[in-house]
Amino acid sequence: MIILKTPEEIEIMAQASKLVAETLEALKKEIRPGVTTEQLDRFAEEFIIARGGRPAFKGYRNYPKTLCTSVNEQVVHGIPSKRPLKEGDIVGLDLGVIVDGFYGDAAMTVAVGAVSPEAARLMKVTEEALYLGIEQAVVGNRLSDISHAIQRHVEAAGYSVVTDFVGHGIGRQLHEEPQVPNYGKPGQGPRLQYGMVLAIEPMVNMGGSAVRILDDQWTAVTKDGSLSAHFEHTIAIQPSGPARILTKL
Ligand code: MF3
Ligand code: CO
């Protein structure tokens, strides 16, 4: 069942989402060679708590940290550690926040210093795919119109979408129905309606789409070791016109 949100509930989700966006913006400024992903995690946690939010991922299915930090061939759910970032890395930062019982969720992939043109293109195409998906998030369209727009752009660029993880509805739970795959034929699934709030999150591999999970039980990496990027926004379907991106400042 897809839980529709009232205008009042959407405003609370907008507050949670704004704090996610502010934290990610602040984190971006902390990214430099030598900084450890654990330092980024501590920064994010303090930033969120100081502003009246609660980290959403910490404790979720025993996840140990506030942030997910996924470096290079890590796709999603990288656990912050003493690993220092180095020049040329790309790092996915994924963050969820709870305010007044409602969740916001967003992710971005950031360059550490100067990165290769190939890595920069992967990040650009992945972010573009997210925005093309969001463009389809309008009343009257069907859910898979979002999925299809993402897949099309990614594959036209010569990359692969990850199929083992999907976007999701979001509200009083981090993960609600519907699932939002990053692939599929257009014109399938539920019709999009005002009151739906979705986390759209393409994960894109430079090589093949296959992933595996490391022994830490969380970190997803590409099977072929190729680079991977991830961008995510929480969006609210509007009564008409384009979706409202709640995790954008
Ligand atoms: N954005 C991811 C998701 O929606 C992050 C979840 S990490 C977890 O699934 F630790 F909370 F699982
Ligand atoms: Co998500």
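Order of appearance sets the numbers: ligands from 1, and atoms from 1 within every ligand. As the structure is a prediction and not an experimental result, all values here were calculated from the model.
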Undergrad: Does E11 come within less than 4.0 Å of R244, counting only side-chain N to carboxylate O?
TA: yes
Undergrad: Is it true that T247 and H233 share a donor-acceptor pair across their side chains at a distance under 3.5 Å?
TA: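 Short answer, yes.
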Undergrad: So, S228 and N205: side-chain donor and acceptor under 3.5 Å apart, yes or no?
TA: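 S228 vs N205: donor-acceptor pair found between side chains.
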Undergrad: What pair of heavy atoms forms the shortest contact from S70 to G78, and how long is it?
TA: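 Nearest heavy atoms, S70 then G78: OG-N, 3.1 Å.
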Undergrad: Below 4.0 angstrom from a heavy atom of H168, which ligand 1 atoms are there? Numbered from 1 as shown, please.
TA: 3 (C), 4 (O)
Undergrad: Please work out which of H230, H77, K58 has its closest non-hydrogen atom nearest to atom 6 (C) of ligand 1.
TA: H77
Undergrad: If you measure only the distance, is there a donor-acceptor pair under 3.5 Å linking the side chains of H77 and Y63?
TA: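 No.
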Undergrad: For F165, is the nearest heavy atom under 4.0 Å from an atom of ligand 1?
TA: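 False for this residue.
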Undergrad: If you round to 10 degrees, what value do you get for the angle at the Co ion (ligand 2) between E232 atom OE2 and H168 atom NE2?
TA: 110°
Undergrad: Compare Y60, Y63, Y103 and give the one whose heavy atom is closest to atom 12 (F) of ligand 1.
TA: Y60
Undergrad: Relative to ligand 1, is F57 under 4.0 angstrom through side chain, backbone, both or neither, heavy atoms considered?
TA: both
Undergrad: Would you say E176 and H168 are linked by a side-chain donor-acceptor pair, where the criterion is simply a distance under 3.5 Å?
TA: no
Undergrad: Give a rough value, rounded to 10 degrees, for the angle at the Co ion (ligand 2) between atoms OE2 of E201 and OD2 of D105.
TA: 170°
Undergrad: Does R32 pair with E30 as a salt bridge, N-O distance under 4.0 Å?
TA: yes
Undergrad: At less than 4.0 angstrom from any non-hydrogen atom of E232, what atoms of ligand 1 do you find?
TA: 1 (N)
Undergrad: Just by distance, no angles: are the side chains of Y103 and H175 close enough, under 3.5 Å, to form a donor-acceptor pair?
TA: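 No, because no side-chain N or O of Y103 sits under 3.5 Å from a partner of the opposite role on H175.
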Undergrad: Against ligand 1, does E201 come closer than 4.0 Å with any heavy atom?
TA: yes
Undergrad: Hey, are T66 and E45 close enough side-chain-wise for a donor-acceptor pair under 3.5 Å?
TA: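 T66 and E45 do have a side-chain donor-acceptor pair below 3.5 Å.
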Undergrad: Which protein heavy atom lies closest to atom 3 (C) of ligand 1, and at what distance to 0.1 Å?
TA: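 Looking at atom 3 (C) of ligand 1, the protein heavy atom closest to it is H175 NE2, 3.2 Å.
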Undergrad: Please confirm whether R61 approaches ligand 1 to less than 4.0 Å, judged on its heavy atoms.
TA: no
Undergrad: Which atoms of ligand 1 are found less than 4.0 Å from any heavy atom of D105?
TA: 1 (N), 3 (C), 4 (O)
Undergrad: With a cutoff of 4.0 Å, is C68 in contact with ligand 1, counting heavy atoms of the residue only?
TA: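 Right, C68 reaches ligand 1.
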Undergrad: How far is atom 2 (C) of ligand 1 from its nearest protein heavy atom, and which residue and atom is that?
TA: D94 OD2, 3.2 Å
